**Q** 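Below you will find the structure I want to go over with you.
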There are 2 protein chains.
Amino acid sequence: MQLSNTSQYAIRILAYIADQADSPLVNATQLSQRLHIPYKFLTKIMTTLVKKDLILSIRGKEGGYALKRDSSEIMVGDILDIFNDSIQDEQCVLGIGFCNGMCKCALHDQWMEPKHLLQKMFRESSLKDIAGRGCKI
Amino acid sequence: MQLSNTSQYAIRILAYIADQADSPLVNATQLSQRLHIPYKFLTKIMTTLVKKDLILSIRGKEGGYALKRDSSEIMVGDILDIFNDSIQDEQCVLGIGFCNGMCKCALHDQWMEPKHLLQKMFRESSLKDIAGRGCKI
DNA sequence: TTCAATTACTATCTTAAGGTAGTATTAATA
DNA sequence: TATTAATACTACCTTAAGATAGTAATTGAA
């Protein structure tokens with residue numbers, strides 16, 4: 001049970017850029033090297049983040065990437081949403097079609113509390129909150 | 001972020017069998033139909049569970065499957081272990097190589113509590129605890 | 001002893017995630 | 001304007017999960 005590679009990469013990328021708030025633009029080569037993410041895969045993710053309006057990109061010489069909004073306004077949950085990796089309210093831990101009060105799965109009750117904590121963690125952690133915390137390898 | 005299909009199936013299968021403690025054996029056709037799991041995929045999972053000693057199988061006419069141990073002694077975590085889907089102590093939510101006190105990821109602190117709750121949920125829920133709870137579709 | 005019902009085994013197909021390659025486009029600067 | 005350094009686009013390759021197909025082995029019972 002874990003986040004997809006792509007989601008993990010995206011969070012680390014965005015946190016890294018948030019961390020470099022002083023330097024205006026960060027480029028793909030630097031991100032790839034510092035975060036150990038394959039260059040071509042990274043640029044694919046970046047293009048997605050640009051289309052989803054989390055990232056601003058400048059093409060051409062001296063170009064690069066920057067956050068499009070303030071780091072306090074980009075939540076980890078927003079990132080997971082893009083890659084369909086966030087936890088939905090109705091999400092059943094055992095994957096049965098319709099898991100609620102009427103017809104709930106065997107683990108429904110046990111799942112509620114960790115699910116809410118995870119959702120809270122993703123919803124309430126902004127890039128500003130998590131940037132600058134330890135290493136980003 | 002969710003369990004693999006295979007893990008979800010395995011938990012539902014085992015909980016269903018635990019639930020039928022009165023009837024001696026349950027067969028693959030019944031499991032497949034009641035739980036809506038593709039027959040051939042289900043039998044593949046069953047064979048794995050037999051090899052891992054969670055399930056006892058009887059071949060031939062009148063054959064089928066039964067739990068090999070008491071339902072109170074099979075934990076959800078044991079099932080996830082088999083399919084490499086359990087949450088390890090050192091597991092980093094952002095997938096960086098080595099995430100601990102020395103070199104921790106940006107989400108390390110926020111991840112601790114939900115991680116422990118999930119581990120607890122998986123470690124402490126036995127088939128006996130969860131059998132007979134609602135529908136198993 | 002034959003038949004039918006069952007699990008086990010082996011091989012293959014399908015799909016999506018993860019990753020790579022090559023080329024086109026953009027823009028600063030010499 | 002030519003060069004260079006950057007992102008964007010399109011297409012493809014690789015791998016593992018999920019699923020399927022066919023056959024072999026086992027066993028109870030007619």
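Letters A, B, ... are given to chains in the order of the sequence lines, protein chains preceding strands, and every chain is numbered from 1. Bear in mind that the values here come from a model prediction, so they are computed numbers and not experimental data. Atom set for the values below is all heavy atoms of this structure, side chains included, hydrogens, waters and symmetry mates excluded.
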**Q** Write down the distance between CG (A:Asp85) and P (C:dA16), rounded to a whole number of angstrom.
**A**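 A:Asp85 atom CG is separated from C:dA16 atom P by 16 Å.
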
**Q** Give the rounded distance in Å between these two atoms: CG of A:Leu49 and P of D:dC9.
**A**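 These atoms are roughly 13 Å apart.
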
**Q** Please figure out whether A:Gly60 or A:Leu3 has its closest DNA chain C nucleotide nearer the 5' end.
**A**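 Here A:Leu3 is the residue nearer the 5' end.
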
**Q** With hydrogens left out and only the distance checked, is there a donor-acceptor pair under 3.5 Å joining A:Arg59's side chain and the base of C:dT25?
**A**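 Counting by modelled atom types and ignoring angles, a donor-acceptor contact under 3.5 Å is found here.
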
**Q** Taking a hydrophobic cluster as the set of Ile, Leu, Val, Met, Phe, Trp and Tyr residues connected by side-chain heavy atoms closer than 4.5 Å, whether directly or through intermediates, do A:Met1 and B:Leu94 fall within one such cluster?
**A**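 As far as the 4.5 Å side-chain criterion goes, B:Leu94 and A:Met1 are connected within one cluster.
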
**Q** Taking the nucleotide of DNA chain D with the nearest heavy atom to each, does A:Lys61 or A:Val50 sit closer to the 5' end?
**A**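 Nearer the 5' end of the strand: A:Lys61.
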
**Q** Counting side-chain heavy atoms from C-beta on, which of C:dA8, D:dA8, D:dA6 comes nearest to A:Tyr65?
**A**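 In terms of side-chain proximity for A:Tyr65, the closest of C:dA8, D:dA8, D:dA6 is D:dA8.
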
**Q** Determine, using the 4.5 Å side-chain heavy-atom cutoff (strictly less than), whether B:Tyr16 and B:Leu80 are members of one ILVMFWY cluster.
**A**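 Per the 4.5 Å side-chain linkage, B:Tyr16 and B:Leu80 are co-clustered.
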
**Q** Rounding to an integer number of Å, can you tell me how far B:Leu56 CG sits from C:dT6 P?
**A**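 Taking CG of B:Leu56 and P of C:dT6, I get 16 Å after rounding.
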
**Q** Starting from C1' on C:dC9, measure out to CE on B:Met46 and report it in whole angstrom.
**A**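 Spelled out: CE on B:Met46 to C1' on C:dC9 is 16 Å.
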
**Q** Any donor-acceptor pair, under 3.5 Å, between the side chain of A:Lys40 and the base of C:dG18, if you only look at N and O atoms?
**A**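 Under the 3.5 Å cut-off, the side chain and the base do not form any donor-acceptor pair.
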
**Q** Identify whether any heavy atom of A:Phe83 sits under 4.0 Å from a base atom; if not, whether one sits that close to sugar-phosphate; answer base, sugar-phosphate or nothing.
**A**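 Result for A:Phe83 = nothing.
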
**Q** Choosing from D:dC9, C:dC9, D:dA19, which nucleotide comes nearest the side chain of B:Lys51?
**A**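 Ranking D:dC9, C:dC9, D:dA19 by closest atom to the B:Lys51 side chain puts C:dC9 first.
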
**Q** For residues B:Val93 and B:Leu117: do they belong to one hydrophobic cluster (side chain heavy atoms under 4.5 Å, members Ile, Leu, Val, Met, Phe, Trp, Tyr)?
**A**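 No, B:Val93 and B:Leu117 fall in different hydrophobic clusters.
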
**Q** Provide, to the nearest angstrom, the distance between the NE2 atom belonging to B:His36 and the C1' atom belonging to D:dA19.
**A**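 So the two atoms are 17 Å apart, to the nearest Å.
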
**Q** For D:dG18, does the base pair up with any side-chain atom of B:Lys44 as donor and acceptor (N or O, under 3.5 Å, distance only)?
**A**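 Side chain to base: no pair below 3.5 Å.
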
**Q** Considering every strand and a 4.0 Å limit on heavy-atom distances, what is the contact class for B:Ser4: base, sugar-phosphate, or nothing?
**A**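 If one applies the 4.0 Å heavy-atom cut-off, B:Ser4 turns out to touch the sugar-phosphate alone, with no base involved.
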
**Q** With a sphere of 6.0 Å drawn around CD of B:Gln91, does it hold more than 12 non-hydrogen atoms of other residues, nucleotides or ligands?
**A**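 Enclosed.
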
**Q** Is the phosphate of D:dA8, meaning OP1 or OP2, less than 4.0 Å from a side-chain N or O of A:Ser57?
**A**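 So the side chain of A:Ser57 is within the cut-off, an N or O lying under 4.0 Å from OP1 or OP2 of D:dA8.
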
**Q** Write down the distance between CG (B:Leu25) and P (C:dT7), rounded to a whole number of angstrom.
**A**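 So the two atoms are 9 Å apart, to the nearest Å.
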
**Q** The side chain of B:Thr47 is closest to which nucleotide in this list: D:dA6, C:dA8, D:dG28?
**A**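 So the side chain of B:Thr47 is nearest to C:dA8.
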
**Q** Please determine whether salt bridge (Lys or Arg N to Asp or Glu O under 4.0 Å) holds for the pair B:Lys52 and B:Asp81, giving the CA-CA distance in whole Å, both sets of side-chain angles, and the decisive distance to 0.1 Å.
**A** CA-CA 10 Å; B:Lys52 294 294 184 175; B:Asp81 281 339; over 6 Å; no

**Q** Strictly below 4.0 Å: does B:Asn5 bring a side-chain N or O up to OP1 or OP2 of D:dA17?
**A**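 Negative; the distance criterion is not met.
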
**Q** Might you point out which heavy atoms bring B:Arg12 and B:Leu35 nearest each other, and give the distance in Å?
**A**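 In this case the closest contact between B:Arg12 and B:Leu35 is NH2-O, 2.5 Å.
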
**Q** Between A:Glu62 and A:Tyr39, just flag the one whose closest nucleotide in DNA chain C comes earlier from the 5' side.
**A**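 The residue whose closest nucleotide sits nearer the 5' end is A:Tyr39.
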
**Q** To the nearest angstrom, how far is B:Ile45 atom CD1 from C:dT7 atom P?
**A**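 Result: 14 Å.
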
**Q** Under 4.0 Å: is that the gap between some side-chain N or O of A:Asn84 and OP1 or OP2 of C:dA17?
**A**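 A:Asn84 to C:dA17 OP1/OP2: no side-chain N or O under 4.0 Å.
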
**Q** Given D:dG18, D:dC9, C:dT20, identify the nucleotide with an atom nearest to the side chain of B:Phe41.
**A**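 That would be D:dG18.
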
**Q** Could you check how far CD of B:Gln2 sits from P of C:dA17, rounded to whole Å?
**A**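 In whole Å, C:dA17 P and B:Gln2 CD are 11 Å from each other.
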
**Q** Give a yes/no on whether any side-chain N or O of A:Thr6 is located under 4.0 angstrom from OP1 or OP2 of C:dG18.
**A**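 A:Thr6 to C:dG18 OP1/OP2: side-chain N or O found under 4.0 Å.
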
